[in-house]
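First up is the structure itself, then whatever we jot down about it.
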Amino acid sequence: MMTPGTAVKTFTMDGKPFSATEEETILDVARENGIDIPTLCHLEGILPTGQCRLCMVEIQGSGRLVPACATKPEEGMDIITDNPRLRNYRKMIVELLFSERNHICAVCVSNGHCELQSVAQRLGVNHVRFAYLHPRFMLDGSHPKYEVDHNRCILCGRCVRVCEEIEGAHTRDLRNRGIRTMVITDFDTPWGESPTCTGCGKCVHVCPTGALAEKGKSVAEMAKRRHFLPYLAMRRRGGK
Amino acid sequence: MEKLKLATIWLDGCSGCHMSFLDIDERLLALSDRVELVFSPLVDTKDFPEDVDITLVEGALGTEEDLQKIRKIRERTKLLVAFGDCAVTANIPSMRNPFGREEVLKSLYVESDALNPQIPVQSLPELLPHALPLHHYVHVDVFLPGCPPAADTIYQVLSELIEGRIPDVNPLTRFGA
Ligand code: SF4
Ligand code: SF4
Ligand code: SF4
């Protein structure tokens, strides 16, 4: 039900007419209407940041690409969610993610349960055209229950956001810039020594890849559970 | 009908992709009606033949010798298939890449061998600085990811290639499958 006085915007997406309320993003409207736009950093229940750029859509007339998760439709906008240009860029983004770190799917805890892996398959990425960088990363296994393997991190920031916005601990953050960016715990201390982490495991379960995992899981065993997130987000807003 | 010439080779891999190929089981007989296996770890031929129609290459490029082999194979093959994740992404062999060649050799041959610590220089091909996927050195016609690709996938892809069609492998397999 729409509250009286809510401004409604009308626009077209892939040639069809749509309307949206003030709060809704392009991605919200697309998903409500069965239009499938791939995402990696987006997660219902935490703030959208447009970090991964996979959900880029084209605005007709301007040729501009905008992230659907973090852009609200404007009156009269003509949005394209899928065309060869977008598909090409989305493939390139996924290939760049694979080339930036050491993602070796065959020996990953999240093999078969990984969003990067499945988005690659969906977009038809069956090889990587860019040179692999083979950076040298360590694993932090200092926490009694969880571990972080930076080789598999795609810097989506989901863990940072869920820890701050839902758990309220703000244990995680990002350090450095560009491809040198790293997810850190507190002021870059080992996770096991963190005075702020409550050990809730929310970050682990929102992580799209095997970067954050429960200890003791072997290859392909780490399936993530995320259904709690929209519910917790609603409760935090005071919903019942 | 003249049979197509099929070759398979195993570079820097674990032979798992070849094992999966053998898991095609009785359908190998159906394939053998259509193709002649002219070169493979499974047949006793020393030199890679001149005119091969389809070559399945398992494994990454890890040594100078692998490089020489893949260049020759490319010259002599119409359709080159990167067979399995090691060929497609360098996969398991690439786990040495972040450490660099010298450190890996030192750790393996010097630090882990108390009795005779030395890096072998004779009769072993020189290690490349990094293990890399085939397409970083030669043109690849078909990418068949999976570690290993499932027998059904291999059979389907080969059947299509034999019919002269390039199959869409994406619905069939993925990295790490
Ligand atoms: S376990 Fe919970 S409190 Fe600790 S870093 Fe993850 S989300 Fe934050
Ligand atoms: S650790 Fe996981 S959730 Fe956090 S930024 Fe990396 S990939 Fe995203
Ligand atoms: S892809 Fe997997 S099964 Fe095939 S050679 Fe490499 S490690 Fe072995």
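Below, chain A is the first sequence line, B the second, and so on; all start at residue 1.
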Give the C-alpha distance, both sets of side-chain angles, the deciding distance and a yes or no for side chain to side chain contact (heavy atoms under 4.5 Å, CB included) between A:Arg136 and B:Glu103.
CA-CA 13 Å; A:Arg136 189 161 177 172; B:Glu103 194 174 325; 3.0 Å; yes
Test A:Tyr132 against B:His130 for ring-ring contact (aromatic ring centres under 6.0 Å, His included), laying out the working first.
CA-CA 10 Å; A:Tyr132 289 98; B:His130 295 118; over 10 Å; no
Take a 6.0 Å sphere around [atom1] of [X] and say whether it holds more than 12 heavy atoms from other residues, nucleotides or ligands.
X	atom1	value
A:Tyr89	OH	no
B:Lys106	NZ	no
A:Glu32	CD	yes
B:Asp44	CG	no

Straight-line distance of A:Leu123 CG to B:Asn170 CG, nearest 0.5 Å
9.5 Å
B:Pro133, part contacting chain A, at a heavy-atom distance under 4.5 Å
side chain
Cut-off 4.5 Å, heavy atoms of chain A, and the answer for B:Leu132 is side chain
Ring geometry between A:Phe98 and B:Phe175 (parallel below 30°, tilted from 30 to 60°, perpendicular above 60°)
perpendicular
For A:Pro135 against B:Pro98, the heavy-atom pair lying closest together:
O-CB, 3.4 Å
If we only count heavy atoms from C-beta on, is the A:His134 to B:Met95 side-chain gap below 4.5 Å?
no
Can a side-chain donor-acceptor contact be found between A:Asn111 and B:Arg174 if the only test is distance below 3.5 angstrom?
yes
Donor-acceptor pair, distance only, cut-off 3.5 Å: does the side chain of A:Gln121 make one with the backbone of B:Thr173?
yes
Find the one option among A:Asn151, A:Val219, A:Asn102, A:Val128 whose heavy-atom pairs under 4.5 Å with chain B are most numerous.
A:Val128
Using non-hydrogen atoms and a 4.5 Å limit, figure out which bit of A:Asn126 sits close to chain B: side chain, backbone, both or neither.
both
